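Taking it in order: structure first as structure tokens, then the write-up.
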Amino acid sequence: MKILLAVIALVALTLRLWNVGDVGISHWDAGSYTAGPYGIGPYGKSYILPFYAPPLLPSLTWAAFEVFGRVASVAAVLMALLGVAAVLAVYSLGRRLFGIGPALIGAAALASMSFHVVYSRQPLADAPYVLLFILAIQALWVGWHDGRRSAFLAAGVWTGACLLTKYHGFFPLVVFGLLVLAARVPGLVRPRAEIPGPMPTTLSGIKGLILAGAIVAIPAAWLAWDIGTHIGFDVFRANRQSWIPEMGLWLIPQTAAYVFECLSRWVGVALLVCAAGGYGVMIVRRHPGDVLMLLWTGLFLGTLPLYMNYPRLVLPLLVPLSLAAGVGLNALIQRLGGAGSLKATGIVVALVLVTGSLRTAPALGVADTGYEAAAEWLIDQGPGELPDLLVTQHAILFYLGDAPNTFLALDEPALAETLRTGAFRYLVADLRELQLPEALRESFDRRRPLLQQVATFANPLPEPFVVNLAGFEGLDALNDPDTSPERREALGTLRIWLNLRPDNR
């Protein structure tokens, strides 16, 4: 068992560190979390980083840069190590909930899963959030089943860390609270025969929730104070609401289709089929661990329609999916007569690791360093009297910390007026150009005849990052040989234009 777990950890680490020197900052939010702590561009002009995330991940990446140097690979290695820790945490949680076999298979699934690997190589909050979520859930489970107050205290700490990573970081308490309530309904949750003694009581669960919640209240109060003092709740609420789609029943099928598209492309249909079988087993037997995973899945699926669709928001579903696949494949091993056989489990783990790694391999060849190259080109031009305009993701900001010239980033109010008047030197654009607001698009189109394209840089991005801005239609267009050169350039390059008439106001 230890050898299998070591192999899983080694594969997880290898995949996440493969070609790590070619991993750049290439996601909008990654640019925010790395440039924000250094006050680069718009982050030095106003207190806007909390609009993107609570402070834990930006502070963590800042600390890593301060110790090891401000280069993208430092953040990539940090995220890779957290990703491997998540794989080991899945094994630890799965062993408690389902036993060694499903835990090993579930950990192998996550270790080699393209979806998780890609997000474990970029300084984004989602992969660390998944790790902290697992640790919080496991601590709550241990506290409930073993009656350990120290475990509930640890659960409060991990959940507080979740809250300081993403604003819905309190979700572990929601999942566990629903489990405690479900256990109160006669026949809904059935005890596991292999665990002696009665099931934990509702009262013990409620006491644990109160204790963990009291711990979480500390970072929650600080976060509320920070937002209220520096931003204001009205402004913060308006920003949050801008990401909420117009409510309607149509969101349910739309979100379901989007989630399936993400999972089928970056998890794989075969693993989804195994997970579906595992969910079937869970629904029938309804052990506490089964109900926990069902509630975890249901909570995130149920809340996804409340926010704009982005691939990274699907990431928390990968843990219950992986463990469900472990349950399904372990049930298949038992059906074939291999119950309790470590050899049979080892064969399945090897197959999962090999097939997952083969699916992941293409993503590891993406050298997403286009923003670094474009930033170096701008820096080489030296200072100028007029600012440069960045009609791009904030990913480029990380590389412009030492730029001699001023610049305006997309979403800064001054950019639109500067583009309209023509008082700028260079304009840089990436695939974000495809989503310009109407007024900004009109100014851009009017200015285009007075722009000369002077540099073009290949801007390959991991598939989920392309979808993040251009949707699955944009990703399909990049993969379609019949796509026009103009659209392919807009989707896959960074373009720099010189303003030929900066005095034309």
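Numbers here simply count residues along the sequence, with the first being 1. What you see is a predicted model, and the numbers here were worked out from it, not measured in a lab.
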#### Entry: Sidechain-backbone polar pair: Arg448 side chain, Leu451 backbone, donor-acceptor under 3.5 Å
no
#### Entry: Nearest heavy-atom neighbours spanning Thr418 and Ala414
OG1-O, 2.7 Å
### Over all atoms of both residues, closest heavy-atom pair of Leu110 and Arg16
O-NH2, 3.1 Å
### Message
Does either side chain, that of Tyr426 or that of Asn405, offer a donor lying less than 3.5 Å from an acceptor on the other one?
### Response
no
#### Entry: Flag if over 12 foreign heavy atoms under 6.0 Å of CH2, Trp377
yes
### Task
Indicate, with yes or no, if the rings of Phe133 and Trp296 have centres closer together than 6.0 Å.
yes
### Query
Does a side-chain N-to-carboxylate-O contact under 4.0 Å join Asp476 and Arg487?
no
### Message
Whether Arg312 engages the ring of Tyr310 as a cation-pi pair (distance to the six-membered ring centre under 6.0 angstrom, angle to the ring normal within 45°) should be assessed.
### Response
yes
### Query
Please walk me through it: do Glu385 and Arg425 pass salt bridge (Lys or Arg N to Asp or Glu O under 4.0 Å)?
CA-CA 8 Å; Glu385 295 181 0; Arg425 182 176 64 161; over 6 Å; no
#### Entry: Donor-acceptor pair between Gln453 and Thr456 side chains, under 3.5 angstrom
yes
### Task
Enter the distance from Ile496:CD1 to Leu390:CG here, rounded to the nearest 0.5 Å.
9.5 Å
### Query
Trp266 and Glu463: side-chain donor and acceptor closer than 3.5 Å?
yes
### Query
At what distance, to the nearest 0.5 angstrom, does CG of Leu389 lie from OG1 of Thr392?
10.5 Å
### Task
Hey, could you give me the OH/CG distance between Tyr371 and Leu397, rounded to the nearest 0.5 Å?
10.5 Å
#### Entry: Side-chain touch Leu5/Tyr91, heavy atoms, less than 4.5 angstrom
yes
### Task
Keeping the roles fixed (side chain from Tyr399, backbone from Ile25), state whether a donor-acceptor pair exists under 3.5 Å.
yes
### Task
Determine yes or no for a side-chain-to-main-chain donor-acceptor pair under 3.5 angstrom, with Ser242 supplying the side chain and Asn239 the backbone.
yes
### Message
Considering only residues two or more places apart or on different chains, which pairs with a residue in residues 165-174 satisfy salt bridge (charged side-chain N to carboxylate O under 4.0 Å, His left out)?
### Response
Asp126-Lys166
### Electrostatic pair Glu417:Arg420 at N-O distance under 4.0 angstrom
yes
### Task
List the steps, then state whether salt bridge (Lys or Arg N to Asp or Glu O under 4.0 Å) holds for Arg495 with Glu486.
CA-CA 12 Å; Arg495 285 137 285 129; Glu486 293 79 12; over 6 Å; no
### Query
Shortest non-hydrogen contact from Leu410 to His394?
O-NE2, 3.3 Å
### Over 12 foreign heavy atoms within 6.0 Å of OH, Tyr47
yes
#### Entry: Heavy atoms of other groups near Trp158 CH2, more than 12 under 6.0 Å
no
### Greater than 12 external heavy atoms within 6.0 Å of Tyr307's OH
yes
### Query
Once you round to the nearest 0.5 Å, how far does CG of Leu494 lie from CG of Leu431?
8.5 Å
### Query
Does CH2 in Trp250 sit with more than 12 non-hydrogen atoms of other residues, nucleotides or ligands closer than 6.0 Å?
yes
### Query
Say you draw a straight line from CD1 of Ile396 to CG of Asn459; how long is it, rounded to the nearest 0.5 Å?
9.0 Å
Side chains of residues 349-358: which donor-acceptor partners sit under 3.5 Å, not counting sequence neighbours?
unit_1: Thr355; atom_1: OG1; unit_2: Leu351; atom_2: O; d: 2.7
unit_1: Thr355; atom_1: OG1; unit_2: Val352; atom_2: O; d: 3.2
unit_1: Ser357; atom_1: OG; unit_2: Leu353; atom_2: O; d: 2.7

### Message
Would Arg447 and Trp497 count as a cation-pi pair here, with the cationic atom under 6.0 angstrom from the ring centre and within 45° of the axis?
### Response
no
Can you give me every donor-acceptor pair (side chain of residues 48-60, partner residue at least two apart or in another chain, under 3.5 Å) with its distance?
unit_1: Ser59; atom_1: OG; unit_2: Pro55; atom_2: O; d: 2.8

### Message
Ring-plane angle category for Tyr119 and Phe115, please: parallel below 30°, perpendicular beyond 60°, tilted otherwise.
### Response
tilted
### Query
Hey, are Asp368 and Ser26 close enough side-chain-wise for a donor-acceptor pair under 3.5 Å?
yes
### Plane angle bin for Phe65 and Tyr38 - parallel if under 30°, tilted between 30 and 60°, otherwise perpendicular
tilted
